[in-house]
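Only one structure is covered here, and it is reproduced in the block below.
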Amino acid sequence: MALTPRNTPPVDPPRTTRPTPPSAAEANEAIRALVDARAGQDWSSVESAAYEVLLIEWAAATRGASADIIEAA
């Protein structure tokens, strides 16, 4: 007699695609919005890290090397 489970867990297909990185224009707009929102104020460490990430995304988009984005803090 063969035993089979009653509830077979669903099998998720492996992720083969990466999220689409922002274009240079989108990253630039996000940088401007962040800088404008914090103009004349001190930045928290979270805001500084967000700024770094946006700069990395912008640089990658301007180089056309989206696969080479380095994850920052």
Side-chain angles (χ1 to χ4, degrees):
M1 170 159 77
L3 298 176
T4 57
R6 290 182 187 207
N7 296 324
T8 306
V11 176
D12 292 333
R15 275 196 153 183
T16 56
T17 59
R18 291 183 177 183
T20 305
S23 69
E26 291 170 329
N28 190 36
E29 286 302 314
I31 291 168
R32 285 179 187 260
L34 180 62
V35 170
D36 289 346
R38 301 300 299 168
Q41 300 176 21
D42 289 335
W43 288 31
S44 70
S45 59
V46 172
E47 291 163 332
S48 295
Y51 181 72
E52 282 186 45
V53 170
L54 290 171
L55 287 177
I56 290 167
E57 289 176 350
W58 174 83
T62 58
R63 284 193 320 252
S66 61
D68 294 336
I69 293 177
I70 300 169
E71 291 188 27

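On a predicted model such as this, the values are computed, not experimentally measured, just so you know.
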- Query: Do other residues, nucleotides or ligands put more than 12 heavy atoms under 6.0 Å from the CZ atom of Arg38?
  - Reply: yes
- Just wondering, are more than 12 heavy atoms of other shown residues or ligands nearer than 6.0 Å to CG in Asp36? yes
- Item | Ala61 to Ala24 - nearest heavy-atom pair and separation | CB-N, 3.3 Å
- Note on the structure: Residue pairs passing the ring pair (Phe, Tyr, Trp, His ring centres under 6.0 Å) test with at least one member in residues 24-45, sequence neighbours excluded, are Trp43-Tyr51
- Query: What residues, two or more places apart in sequence or in another chain, satisfy side chain to side chain donor-acceptor pair (under 3.5 Å) together with Ser44?
  - Reply: Glu47
- Message: Testing the basics here: between Leu54 and Ala30, what is the closest heavy-atom pair and its distance to 0.1 Å?
- Response: CD2-CB, 3.7 Å
